[in-house]
Peer 1: 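Sharing a structure below in structure tokens format, with a few things to ask.
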Amino acid sequence: MKWPSSCEFDEKQLKILRKGIINTIISIIYFFSVITLMYLVMGMSQAMKTTWIEDNLSLIPPLVFLFGSSICSKKPTKHFPFGFHRIVTIAFFTAAASLFLMGAFLLIDGLIKLLSFEHPSIGLVNIFGHDIWLGWLMIVVLLWGTIPSLILGHMKIKLAKALNDKVLYTDAEMNKDDWLVGTVAIIGVLGIGMGWWWSDATAASLISISILRDGIKQSRDAITELMDRSPKNLEGKYSTLPHKIEHFLKQKSFIENANVRLRDNGHLVQGEGNIVLKNNAHLTPALLDDLTSEVKKLDWRLQDFVLTLHEKN
Amino acid sequence: MKSIIKILFIVIIFLHILLISSCKEWPHDPNHTLENIKKNKIIRVGLIDNPPWSSRINNQATGIDIAIIKNFAQYLNVTPKWFFLNEEKAMFGLMNDQLDIVIGGISKDTLWQNKVGLTRPYYHEIFYIGFPPGLSKHTALKNLPIAVQPMSFLIQYIKYHNAIPFITNDLFRSEHAVAAGKTELIAHQYYLKKKLSDRDYVFAIENGENLFLTTLESYLKQNQKSIHARIKSKLK
């Protein structure tokens, strides 16, 4: 008697996973460049500081993805008979919680700056012998932090859908939303140039609201997943798979009634079904095995599924 | 919804660019510091007593920073009005728009750095323990008396090296080893034994007055050579 295999991906998906890993490594290197450049030109701007912290936080999902994809192929052990899938959700929850806390901290920080009428000073910087206003350099760096990130995000979304990987999907969504953060920060910096001192702290507060919103959404998602709620798809809608399986089982001529409960388990879906046979119908262990295999074929994520037989009452 | 936000942002940036291209001066002063200086023909300068950068001798303002700001005022075609103040009063003066600039050997790492705007450093000095010609280069610093000015920030570094601070106003007459700036030590032909610290000198202005800040910074940059020559000759 064998437990379900631990390797969840087929050959085609493993190829996509490798692509995802390469893309993620490129993202990490890219974000390091953004973080370094932004640190160098940050000056006194609160919007730049907030964007800089947002970019630092953007490193967490790709790191969690790399960590998760190396752990999820680990075989179940005697003491961890269900495998190590859920560690990704736990890591994800930690990341989401840090996003939430940081967002809240930055929002308060931005509002304090706004309410204390803090005027940011931005002076000149010497580039290759020429003096230019540091604000222009900030805008160039912000554009570097926005446009490539948008492209990376679009690339990652496709891979995330093929692998049903929530971490990669969240990472892609955050990258795609970077344009909003970048544009708000650019408007903030241009505002300082216009002499509107409040534009910087206002932009910073708006950016921190976006971080906070991501944190709340992702924390809720991770907590409810750890609470074994019914599976959701990447877009956050409840999966129709339980209905699909029940419908499939009920259509069998020898089954009178069936119900199914499923939960997310990392990339996979895990669960069980109860079936009640019709009068005079019989089910051998071999037939039950076949039936389970047929159910598993309904979705590749369903690799750990158990059917139990119940008396009619 | 998202595409509406996108369009809105593009419109805002476009309007910004229109506004910017119609501006003669960039960036702007929220409190119109430069405009007021030029209009009133007066620049209000807060002086912190800190020789040789700024001090009051016979009711006259003298010092390295004062000479620089006198020339800057001339460049703007205005007259400086000096206010002798302690550091706290001077900084509050800036924050409350009562002064345009505060000078007196202010370092880039001043505790006021988040409250006021600072220029780029106009001078960088490295501080050493220097040995007089009569003292062997191999003498250990431990328990060695080192001449240093009263209240100097260098005292903590002397203590860190287990040497003994010898407080005096006349550093080079004591014949002890001396803790001072590189320029001064070399002028007295002292041997540079140990680097203690370095300092970037800046001016303080009201936070966020970015047109005034960039005007002052670009003046300091253009006159960097003559400013450095003047500082070096004064420090000797």
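Please read all numbers here as calculations on a predicted model, not as lab measurements. Note on naming: letters A, B, ... go to the chains in the order of the sequence lines (proteins, then strands), and numbering restarts at 1 for each one.
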Peer 1: Any chance CZ of A:Phe100 has more than 12 other-residue heavy atoms, nucleotides or ligands included, within less than 6.0 Å?
Peer 2: no

Peer 1: Measure the CE-NE2 distance between B:Met95 and A:His119 for me, rounded to the nearest 0.5 Å.
Peer 2: 11.5 Å

Peer 1: How are the rings of A:Trp133 and B:Trp26 set relative to one another: parallel (under 30°), tilted (30 to 60°) or perpendicular (over 60°)?
Peer 2: perpendicular

Peer 1: Identify which part of A:Trp136 has an atom lying under 4.5 Å from any heavy atom of chain B, answering side chain, backbone, both or neither.
Peer 2: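 Only the side chain of A:Trp136 comes within 4.5 Å of chain B.
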
Peer 1: Could you check whether atom CZ of A:Phe117 has more than 12 heavy atoms from other residues, nucleotides or ligands sitting under 6.0 Å from it?
Peer 2: no

Peer 1: So with a 6.0 Å cut-off around CD of A:Glu235, is the heavy-atom count from everything else above 12?
Peer 2: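 Enclosed.
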
Peer 1: With chain B, which of A:Ile192, A:Ile186, A:Asn126 has the greatest number of heavy-atom pairs at distances under 4.5 Å?
Peer 2: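 That would be A:Asn126.
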
Peer 1: Working to the nearest 0.5 Å, report the span between CG of A:Leu124 and CG of B:Leu213.
Peer 2: 7.0 Å

Peer 1: Side chain from CB out, backbone as N, CA, C, O: work out which of these in A:Met194 comes under 4.5 Å of a heavy atom of chain B, or both, or neither.
Peer 2: both

Peer 1: Per the salt bridge (charged side-chain N to carboxylate O under 4.0 Å, His left out) rule, what does the pair list look like for residues 93-121 of chain B, sequence neighbours excluded?
Peer 2: A:Asp131-B:Arg120, B:Arg44-B:Asp97, B:Arg44-B:Asp100, B:Lys108-B:Asp200

Peer 1: Would you list the pairs meeting side-chain hydrogen bond (donor to acceptor under 3.5 Å, both in side chains) in which at least one residue belongs to residues 204-220 of chain B, sequence neighbours left out?
Peer 2: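 The answer is A:Ser121-B:Asn207, B:Asn31-B:Glu206, B:Thr33-B:Glu209.
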
Peer 1: What residues of residues 143-161 of chain A make heavy-atom contacts with chain B at a cutoff under 4.5 angstrom?
Peer 2: none

Peer 1: Looking at every non-hydrogen atom in both residues, tell me the closest pair between B:Pro30 and A:Gly195 and how far apart they are.
Peer 2: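 In this case the closest contact between B:Pro30 and A:Gly195 is CB-O, 3.4 Å.
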
Peer 1: Is atom CG of A:Leu115 surrounded by more than 12 heavy atoms (other residues, nucleotides or ligands) closer than 6.0 Å?
Peer 2: yes

Peer 1: Checking A:Phe31 now: which residues fulfil ring-ring contact (aromatic ring centres under 6.0 Å, His included) with it, not counting sequence neighbours?
Peer 2: none

